[in-house]
There are 2 protein chains.
Amino acid sequence: MSSKVTIHEVARMSGVSIKTVSRVLNREANVKSDTRIRVQEAVAALNYRPNISARSLAGSKAYLIGVFFDNPSPAYVTDVQLGAIARCREEGYHLIVEPLDSEGDVASQVQPMLATLRMDGVILTPPVCDNVAVLDVLEAEGVPYVRLSPDRDVDRSANVRMDDSRAAYEMTAHLIGLGHTDIGFIKGHPDHGAAHLRYEGYVKAMTEHGHPVRDDRVEQGWFSFRSGFEAAERLLSGDDRPTAIFASNDDMALGVMAVANRLRLEVPQTLSVAGFDDTPGAKVVWPQLTTVRQPIQAMAAAAADLLLNGEASGDAETPPSRLLDFQLVVRESTGPAPKG
Amino acid sequence: MSSKVTIHEVARMSGVSIKTVSRVLNREANVKSDTRIRVQEAVAALNYRPNISARSLAGSKAYLIGVFFDNPSPAYVTDVQLGAIARCREEGYHLIVEPLDSEGDVASQVQPMLATLRMDGVILTPPVCDNVAVLDVLEAEGVPYVRLSPDRDVDRSANVRMDDSRAAYEMTAHLIGLGHTDIGFIKGHPDHGAAHLRYEGYVKAMTEHGHPVRDDRVEQGWFSFRSGFEAAERLLSGDDRPTAIFASNDDMALGVMAVANRLRLEVPQTLSVAGFDDTPGAKVVWPQLTTVRQPIQAMAAAAADLLLNGEASGDAETPPSRLLDFQLVVRESTGPAPKG
DNA sequence: TAAGGCCATGACAGCCTTGTCAAAGCGACC
DNA sequence: GGTCGCTTTGACAAGGCTGTCATGGCCTTA
């Protein structure tokens with residue numbers, strides 16, 4: 001088709017000035033409705049689309065939102081992208097993805113990019129969202145940003161989070177509801193704030209229901225399959241073992257399942273296993289894993305929303321924060337506690 | 001810092017014209033080397049970065065490469081992004097990601113996007129890379145594109161592929177090398193060209209090594225966990241069963257492992273299992289899966305390369321194509337054939 | 001020495017849109 | 001009829017950069 005239709009041609013075709021076409025395109029007020037319609041018809045007829053470069057050069061918006069990540073979980077990353085784009089498309093914005101290499105000097109990777117692209121906003125996923133150098137650069141360049149599930153300095157800037165503590169509480173309560181009283185727990189990487197929150201939720205649920213939190217039932221893990229595997233070996237060796245294990249993420253829970261498998265402990269008849277995150281792996285194992293789903297797409301959409309509606313611009317005294325609901329996904333890896 | 005440094009200031013600081021600064025930035029010839037150095041120093045001192053909008057408005061490049069996908073596999077998608085960005089960064093290009101919804105009218109989603117952004121090129125992943133409507137729009141808009149692992153009309157345009165047939169051949173040969181002669185095969189989704197190629201490689205290896213391809217050892221699958229599970233149930237029920245199963249992707253192989261697990265068939269002592277793709281799930285099961293790794297990042301980088309060096313521009317009579325090497329990943333799910 | 005050619009550089013227009021500001025249109029009211 | 005105040009519209013500059021073309025210096029060649 002048309003290699004390049006400009007606003008000029010639309011103006012000529014509809015018999016108004018370029019500026020009026022611009023007004024219609026930008027949904028500005030004070031355009032007579034029949035003028036508006038005439039222009040819209042011309043736009044449709046010529047199949048005209050405004051040139052984003054010219055637009056951002058002339059105006060103040062770039063129509064670009066950045067997504068910065070350095071995340072080992074592809075599923076998380078794509079969910080963020082899908083959620084963000086869903087909201088962005090409504091307003092004609094596009095997504096620029098920038099994988100960061102946190103091994104290197106992240107700030108120096110970010111500054112040039114911000115200076116060239118002049119994006120309207122940036123969404124930061126963990127762990128980049130806790131990289132102070134990156135935040136500093138963003139603020140220096142005056143680019144609004146929203147952090148997803150930040151760990152540190154939560155009040156520093158706009159963010160979107162999930163209630164990890166309450167989710168862990170409810171998962172624990174779910175197990176207790178199934179009759180378990182002796183529930184093992186595998187902690188996550190101590191550098192991640194979420195790890196602490198999840199542990200907190202577990203402790204709270206156990207305590208409130210009158211079950212002791214035994215030291216030898218809590219193992220340190222690192223969010224990896226291997227660490228879950230090793231923690232499970234410690235928890236499950238010998239005859240005195242818990243009837244359920246709640247791992248603070250799915251990868252570790254899968255490690256637990258592997259050990260159970262090896263030891264011929266039937267899941268969930270002999271041992272219930274619960275995870276956290278609802279990664280793709282959770283559906284691939286057998287039996288499928290009971291876990292907690294973060295509404296990642298919704299969180300990303302909320303982040304995009306904060307950016308697009310201007311709330312994240314950093315002028316408010318209290319940065320906006322949105323807390324989204326999680327979802328307990330009960331599948332086959334948890335069941336009633338064995339009798340006796 | 002500097003809210004916006006323009007090329008003008010660099011020109012003043014280094015005592016040359018704006019145009020000369022532009023020449024230095026674009027690595028053009030015919031600039032005296034001490035002039036070049038002076039300019040570069042000024043650029044560094046002012047921390048100047050060219051404004052991408054102004055650049056693309058004035059020039060012919062947009063410095064943007066698009067990645068279109070509608071891919072159920074997040075791992076694949078992020079690998080593509082990582083590979084593409086690695087090559088793009090070398091030349092100051094950025095990545096725009098556009099998830100497509102192939103349920104809807106894809107072409108009409110794509111055209112406006114191409115018209116507004118005027119990207120310099122687009123990378124298409126399966127299955128979008130086989131959507132003729134999308135290809136038509138790209139060509140109509142004159143946007144160069146590269147397809148990753150296309151199935152149909154392979155010669156229509158630039159593409160990057162892997163030798164699926166040979167990979168399947170080598171995996172089968174690997175099993176034969178371990179002493180297996182009775183090897184089951186689970187085919188992939190018949191709409192995917194790769195499914196046929198993989199089957200072809202299996203047949204070729206069996207035949208060349210003098211082993212029969214028994215009809216009751218080949219099952220139709222659909223690339224899903226469930227279809228692998230069901231195919232394995234058919235292959236493994238009864239006493240007359242193969243000593244190895246080669247599933248044409250990992251998800252199905254995981255289904256096989258689940259069945260083996262249920263039937264108490266030890267992997268790999270009693271049954272060897274091989275997959276294809278090296279998805280994250282392959283490392284999460286126990287024992288870890290022997291599989292074939294596609295060099296996805298390298299393929300995406302090759303695609304970006306074709307775009308950036310102009311080979312994909314569609315002017316050559318034969319569209320360029322790159323065939324990359326796969327990698328056999330031997331882990332614990334395959335072992336010597338049981339004796340007797 | 002004059003003519004021709006190449007290299008290095010700069011002046012200026014143009015890319016397509018938005019922002020500013022002024023002007024024109026319109027209705028109502030005194 | 002004239003004035004005021006509002007809505008609607010347009011002329012023009014500006015945004016930061018690259019493309020085109022012209023200029024001047026210097027080297028080569030006859």
Side-chain angles (χ1 to χ4, degrees), chain A residues 2-40 42-43 46-64 92-93 112 114-120, chain B residues 2-40 42-43 46-64 91-93 112 114-118 120:
Chain A
S2 41
S3 176
K4 36 173 163 176
V5 184
T6 71
I7 197 173
H8 201 94
E9 306 172 39
V10 178
R12 252 206 351 219
M13 180 163 181
S14 46
V16 298
S17 75
I18 289 180
K19 179 62 205 183
T20 299
V21 176
S22 171
R23 273 190 268 258
V24 172
L25 293 172
N26 293 293
R27 296 199 188 81
E28 287 175 29
N30 297 339
V31 178
K32 248 198 309 193
S33 81
D34 66 328
T35 310
R36 182 184 304 276
I37 289 170
R38 217 155 9 107
V39 170
Q40 284 166 337
V43 167
L46 296 170
N47 203 13
Y48 163 77
R49 310 288 163 193
N51 177 316
I52 206 171
S53 301
R55 232 166 143 151
S56 57
L57 183 59
S60 50
K61 310 184 228 169
Y63 295 93
L64 293 177
Y93 280 68
L114 293 177
T116 28
L117 287 171
R118 304 198 182 283
M119 310 181 248
D120 304 300
Chain B
S2 42
S3 176
K4 36 174 162 176
V5 185
T6 72
I7 198 174
H8 202 94
E9 305 171 39
V10 178
R12 253 203 353 219
M13 180 164 181
S14 45
V16 298
S17 74
I18 288 181
K19 179 64 206 183
T20 299
V21 177
S22 170
R23 273 191 268 259
V24 172
L25 293 173
N26 293 292
R27 295 198 188 82
E28 289 176 28
N30 300 337
V31 178
K32 250 199 305 194
S33 81
D34 66 327
T35 310
R36 184 183 302 278
I37 290 168
R38 216 152 14 101
V39 170
Q40 284 165 338
V43 167
L46 295 170
N47 201 14
Y48 164 77
R49 309 290 162 193
N51 177 315
I52 206 172
S53 300
R55 234 156 122 134
S56 55
L57 183 58
S60 51
K61 310 183 231 171
Y63 295 92
L64 292 178
E91 320 229 351
Y93 281 67
L114 293 177
T116 28
L117 288 171
R118 304 195 184 284
D120 304 298

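Order of the sequence lines fixes the chain letters, A, B, ..., with proteins taken first and strands second; residue numbering starts at 1 for each chain. Atom set for the values below is all heavy atoms of this structure, side chains included, hydrogens, waters and symmetry mates excluded. Predicted model, so just to flag it, every value in this text is computed and none were measured.
Contact between B:Leu46 and B:Val5 at its shortest, heavy atoms only, is O-CG2, 3.6 Å. Considering every non-hydrogen atom in both A:Ser53 and B:Leu57, the closest pair reads CB-N, 4.2 Å. A pairwise comparison of heavy atoms in B:Pro50 and B:Arg55 identifies CG-NH1, 2.7 Å as the closest pair.
For B:Arg12, the CZ atom counts as loosely surrounded, since its 6.0 Å shell holds 12 or fewer non-hydrogen atoms of other residues, nucleotides or ligands.
Relative to the side chain of B:Lys4, the nucleotides D:dG16, C:dC16, D:dT9 differ in distance, and D:dG16 lies closest. When each of D:dG16, D:dG19, C:dT17 is scored by its nearest atom to the side-chain atoms of B:Ala54, the top-ranked nucleotide is D:dG16. Proximity note for B:Val16 (side chain, C-beta onward) versus C:dT18, C:dG10, C:dC16: the nearest is C:dG10.
Contacts of A:Tyr63 with the nucleic acid, taken as non-hydrogen atoms under 4.0 Å apart, are absent. Among the heavy atoms of the strands lying under 4.0 Å from A:Asn30 is at least one base atom, whether or not backbone atoms are also near. At the heavy-atom level, A:Thr35 lies under 4.0 Å from the strands shown only through sugar-phosphate atoms. Base contact: B:Lys19 has a heavy atom under 4.0 Å from a base atom.
A straight line from NZ of A:Lys32 to P of D:dT9 spans 6 Å, rounded to a whole angstrom. Residue B:Leu117 contributes atom CG, which lies 21 Å from atom P of C:dC15 at whole-angstrom precision. When rounded to the nearest whole Å, the span between CD1 of B:Ile18 and P of D:dT20 equals 18 Å. Look at NE2 on A:His8: it is 10 Å from P on D:dA11, rounded to the nearest Å. The nearest whole Å value for the distance from the CG atom in B:Asn26 to the P atom in D:dG16 is 17 Å. Spacing between atom CZ of A:Arg23 and atom P of D:dT8 amounts to 11 Å, rounded to whole angstrom units. To the nearest angstrom, C1' of D:dC17 lies 17 Å from CZ of B:Arg12. The CD1-C1' distance, from B:Ile7 to C:dA11, rounds to 14 Å in whole Å.
Counting heavy atoms from C-beta outward, B:Leu25 and B:Tyr48 have side chains that approach closer than 4.5 Å.
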